[in-house]
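Order of appearance sets the numbers: ligands from 1, and atoms from 1 within every ligand. Just so you know, residue 1 is the first one in the sequence shown, and it goes up from there. This structure is a prediction, so every number in the text was calculated from the model and none was measured.
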Amino acid sequence: MNNPERESQLKELMDSKKQWDFIVIGGGATGLGIAVDASNRGYSTVLLEQADFAKSTSGRSTKLVHGGVRYLQNGDVALVREALHERGYLRKNAPHLVKNQRFIIGNYKWWEKSFYTIGLTLYDLLAGTMSLGRSLPMSRKDVIKSIPQIVQTKLKGGVVYHDGQFDDSRLAVNLMQTAREHGAMVVNYTRVNKLLKDPEGKVCGVVAEDRISGGSFSLEGMCIINATGIFVDTIIRMDDPGMKPLVRPSQGVHLVVDKSFLGGDDAIMVPKTSDGRVMFGVPWHNRVILGTTDVPVKEFALEPKALNEEVEFILETAGRYLAKKPERKDVLCVFAGLRPLAAPKNDADGTKTKEISRSHKLLASPSGLVTITGGKWTTYRRMAEDTVNLALKTKGLPFRKCQTKKLKIHGYLEHPDRNDHMYIYGTDREKILGLQKEKKEYGEKLHPDLEFTVGEVVWAVRKEMARTVDDVLARRVRILYLDARASLTAAPKVAAIMAEELDKDKAWEEQQIHDYTEIAQAYVL
Ligand SMILES: Cc1cc2nc3c(=O)[nH]c(=O)nc-3n(C[C@H](O)[C@H](O)[C@H](O)COP(=O)(O)OP(=O)(O)OC[C@H]3O[C@@H](n4cnc5c(N)ncnc54)[C@H](O)[C@@H]3O)c2cc1C
């Protein structure tokens with residue numbers, strides 16, 4: 001095996017008798033942010049993720065680094081200000097991943113232009129020096145130039161504003177690498193099955209299972225952090241079986257279509273859909289992401305499924321604003337994600353997810369377990385800072401100040417060439433190109449219609465802890481999200497490359513293709 005990183009970390013963990021300062025459960029945005037923060041402050045840190053990094057909610061977002069114009073409409077000014085500042089830090093610390101994106105709101109009523117210009121000017125003011133650009137009114141002609149496919153009947157003009165746009169699972173991988181560079185142990189496919197307690201009933205460790213080899217091991221730690229997103233209640237019940245649920249999941253679905261449905265590089269934002277939500281059409285890796293929905297659900301799944309009514313709602317809403325109306329046959333990928341919304345105390349029937357606060361919820365239980373849930377990708381850094389601070393206070397560990405506001409994230413590159421699909425690797429791009437020079441076949445494409453190469457799969461296995469075909473196609477090169485059908489065609493090739501890298505047999509390869517096909521079929525309409 002060419003990449004022993006995951007296995008060598010596991011061996012070290014299994015052999016280790018030490019007491020870790022931080023054990024973080026969950027490798028999504030929140031847990032990875034905490035691992036980066038804690039290790040950067042010099043605390044010994046372990047992160048355990050039951051599946052792959054960003055396999056759950058963190059790989060299924062709208063991919064916006066934003067203050068949330070919608071929350072401003074709800075009057076949640078403090079939340080928006082905080083998110084806008086975090087947007088600024090993330091753009092500075094990961095310029096290879098976060099880009100400044102123009103959003104256009106088309107105006108069809110006489111009052112909309114001044115109304116949205118005033119609202120969005122407030123948005124800019126809240127960002128202060130972190131603003132990405134001024135919001136401005138636009139003429140009808142300019143709106144059509146920006147979004148050639150916008151419905152022009154009764155179009156009066158528009159307003160342009162700026163927000164950030166990123167690649168969510170790529171940022172997760174880069175955060176994992178950043179944490180590793182600061183000495184953290186970060187392992188995927190390792191599930192926490194039990195919490196350990198001392199005679200006083202305080203949590204003092206975890207029992208975890210290596211889901212690839214099947215072995216089980218215990219770790220001792222001071223601060224045990226539950227950062228498991230929609231799954232936080234499972235861990236809370238390991239601590240206190242009588243605790244009331246903290247999370248109310250809400251499903252959001254997105255459709256990916258060809259870029260020609262917008263016709264330009266600007267995004268479109270619909271401030272009020274027929275169900276009172278916000279809808280986006282955002283260019284992403286030469287496609288357009290349309291979404292999202294907000295439907296309360298009861299199931300806590302790693303692979304949530306889009307409902308037919310959500311798909312129809314997105315197509316219908318997009319069709320009202322776009323002259324080239326997307327149909328089911330145009331959908332390249334449909335994906336669903338579950339928001340870990342913090343459940344309000346008085347929402348007994350669980351039907352009011354649009355009104356649930358999007359800010360994060362942080363609590364320390366009497367046993368010392370610290371749980372963090374809710375929030376947004378955009379605010380992951382601030383959530384991590386708050387969590388580490390609370391854990392240090394709870395456990396009385398010596399306090400060291402958070403330093404992540406200025407911490408560069410792995411791959412940091414100030415001016416990436418966004419015309420090259422490999423720009424998202426930042427400084428790692430050169431290393432992948434180096435691999436491709438080493439062996440001619442590493443430059444070969446994974447699929448004739450797509451730009452991704454064999455070398456990227458090799459890199460994902462060797463340097464990014466990819467262990468399954470799903471890890472590669474869904475979260476390293478993202479073909480699943482860009483064209484789910486093409487990803488099914490590419491799967492056997494990816495399985496063969498991985499088998500060679502990981503020294504696996506034909507049976508492993510076939511099982512991988514089978515497992516991946518089962519997952520990916522749900523992303524095809
Ligand atoms: C549809 C949708 C659109 C969104 N769009 C945006 C957006 O555009 N911008 C934005 O800022 N935010 C957005 N968000 C919010 C953002 O995606 C989430 O707030 C964030 O990803 C949550 O991260 P997390 O780490 O808390 O949860 P997760 O990503 O779910 O991570 C938790 C992890 O814990 C692991 N885990 C669970 N149990 C165990 C265990 N026992 N042992 C080990 N590991 C375990 C899981 O496998 C999982 O990987 C969106 C969310 C949704 C659903």
Worksheet entry | Option nearest atom 18 (C) of ligand 1 (shortest heavy-atom distance, choices N193, T57, T190) | T57
Fill in: Element-labelled atoms of ligand 1 that are located less than 4.0 Å from some non-hydrogen atom of L338
53 (C)
Worksheet item: Which atoms of ligand 1 are found less than 4.0 Å from any heavy atom of A29?
Response: 23 (O), 25 (O)
Worksheet item: Judging by distance only, is a nitrogen or oxygen of Q50 under 3.5 angstrom from one on ligand 1?
Response: yes
Fill in: Carboxylate-amine/guanidinium contact K18 E12, below 4.0 Å
no
Worksheet item: Relative to each other, are the rings of F166 and W377 parallel, tilted or perpendicular (30° and 60° limits)?
Response: perpendicular
Practice prompt. Can you spot which of K405, R382, R381 makes a salt bridge (Lys or Arg N to Asp or Glu O under 4.0 Å) with E86?
Written response: R381
Worksheet item: Do any N/O atoms on G252 end up under 3.5 angstrom from N/O atoms on ligand 1?
Response: no
Worksheet item: For the side-chain contact (heavy atoms from CB on, under 4.5 Å) test, which of L64, I289, L290 pairs with F280?
Response: L64
Worksheet item: Would you say ligand 1 has an N or O under 3.5 Å from any N or O of T378?
Response: yes
Discussion item. Could you tell me, atom by atom, which parts of ligand 1 come under 4.0 Å of a heavy atom of F231?
Written reply: 37 (C), 38 (N)
Fill in: Carboxylate-amine/guanidinium contact D168 R478, below 4.0 Å
yes
Worksheet item: Should we count CG of N100 as having more than 12 external heavy atoms under 6.0 Å?
Response: yes
Item to complete: For ligand 1, find out whether one of its N or O atoms is nearer than 3.5 Å to an N or O atom of H254.
Response: no
Item to complete: Kindly confirm or rule out an N or O of S250 lying under 3.5 angstrom from an N or O of ligand 1.
Response: no
Worksheet item: What atoms of ligand 1 come closer than 4.0 angstrom to any heavy atom of K63?
Response: 8 (O)
Worksheet entry | Enumerated ligand 1 atoms positioned under 4.0 Å from heavy atoms of R191 | 40 (C), 41 (N), 42 (N)
Item to complete: May I ask you to decide whether E7 forms a salt bridge with R467, counting only side-chain N to carboxylate O separations under 4.0 Å?
Response: yes
Discussion item. Between Y161 and F103, is the ring centroid distance below 6.0 Å?
Written reply: yes
Worksheet item: Short list, please: which atoms of ligand 1 are under 4.0 Å from a heavy atom of G337?
Response: 53 (C)
Response to the item:
If we number the atoms of ligand 1 from 1 as shown, the ones under 4.0 Å from a heavy atom of S58 are 20 (C), 21 (O), 22 (C), 23 (O), 24 (P), 25 (O), 28 (P), 29 (O)
Practice prompt. Compute both the distance and the angle, then confirm whether K99 meets the cation-pi test with Y423: under 6.0 Å from the six-membered ring centre, within 45 degrees of the axis.
Written response: no
Discussion item. Taking E49 first and then R211, would you say they form a salt bridge - that is, a charged N and a carboxylate O separated by under 4.0 Å?
Written reply: no
Worksheet item: Among all protein non-hydrogen atoms, which one is nearest to atom 31 (O) of ligand 1, and what is the separation to 0.1 Å?
Response: G28 CA, 3.4 Å
Practice prompt. Give the numbers and elements of all ligand 1 atoms closer than 4.0 Å to a heavy atom of R60.
Written response: 1 (C), 2 (C)
Worksheet item: For L338, does its backbone N or O pair with a side-chain atom of T57 as donor and acceptor, under 3.5 Å?
Response: yes
Discussion item. Pairs of nitrogen or oxygen atoms closer than 3.5 Å, one from T30 and one from ligand 1: do any exist?
Written reply: yes
Discussion item. Any salt bridge linking R102 with D265? Criterion: basic side-chain nitrogen under 4.0 Å from a carboxylate oxygen.
Written reply: no
Discussion item. Under a 4.0 Å threshold between the charged nitrogen and the carboxylate oxygen, would K244 count as salt-bridged to D233?
Written reply: no
Fill in: Residues R287 and D483 bridged, charged N to O under 4.0 Å
no
Discussion item. Tell me if the NZ atom of K259 is crowded by more than 12 foreign heavy atoms within 6.0 Å.
Written reply: yes
Discussion item. Just to confirm my output: which protein heavy-atom neighbour is closest to atom 30 (O) of ligand 1, and how far is it?
Written reply: S56 OG, 3.1 Å
Item to complete: Return the residue, atom name and 0.1 Å-rounded distance of the protein heavy atom closest to atom 16 (C) of ligand 1.
Response: W377 N, 3.6 Å
Worksheet, complete the sentence: heavy-atom search around atom 7 (C) of ligand 1 in the protein gives L64 O, 3.5 Å
Discussion item. Measuring from non-hydrogen atoms of Q251 to any atom of ligand 1, is the shortest distance under 4.0 Å?
Written reply: no
Worksheet item: Applying a 4.0 Å heavy-atom criterion (strictly less than), which segment of A336 is in contact with ligand 1: side chain, backbone, both, or neither?
Response: neither
Discussion item. Test your reading of the structure: does M238 have an N or O sitting under 3.5 Å from an N or O of ligand 1?
Written reply: no
Worksheet item: Which protein heavy atom lies closest to atom 42 (N) of ligand 1, and at what distance to 0.1 Å?
Response: V192 N, 3.0 Å
Practice prompt. Please report which non-hydrogen protein atom sits nearest to atom 6 (C) of ligand 1, along with the residue it belongs to and the distance in Å to one decimal place.
Written response: S61 CB, 3.5 Å
Worksheet item: Where the side chain of D21 meets the backbone of M222, is there a donor-acceptor pair that is under 3.5 Å apart?
Response: no
Practice prompt. Name the closest protein heavy atom to atom 5 (N) of ligand 1, giving the residue it belongs to and the distance to 0.1 Å.
Written response: T62 N, 3.0 Å
Discussion item. Please report whether ligand 1 has a polar contact with E49, defined as an N or O pair separated by less than 3.5 Å (distance criterion only).
Written reply: yes
Item to complete: Considering only non-hydrogen protein atoms, determine which one is nearest to atom 27 (O) of ligand 1 and report residue, atom name and distance to 0.1 Å.
Response: G229 CA, 3.5 Å
Discussion item. With respect to I25, determine whether any N or O atom, backbone or side chain, lies less than 3.5 Å from an N or O atom of ligand 1.
Written reply: no
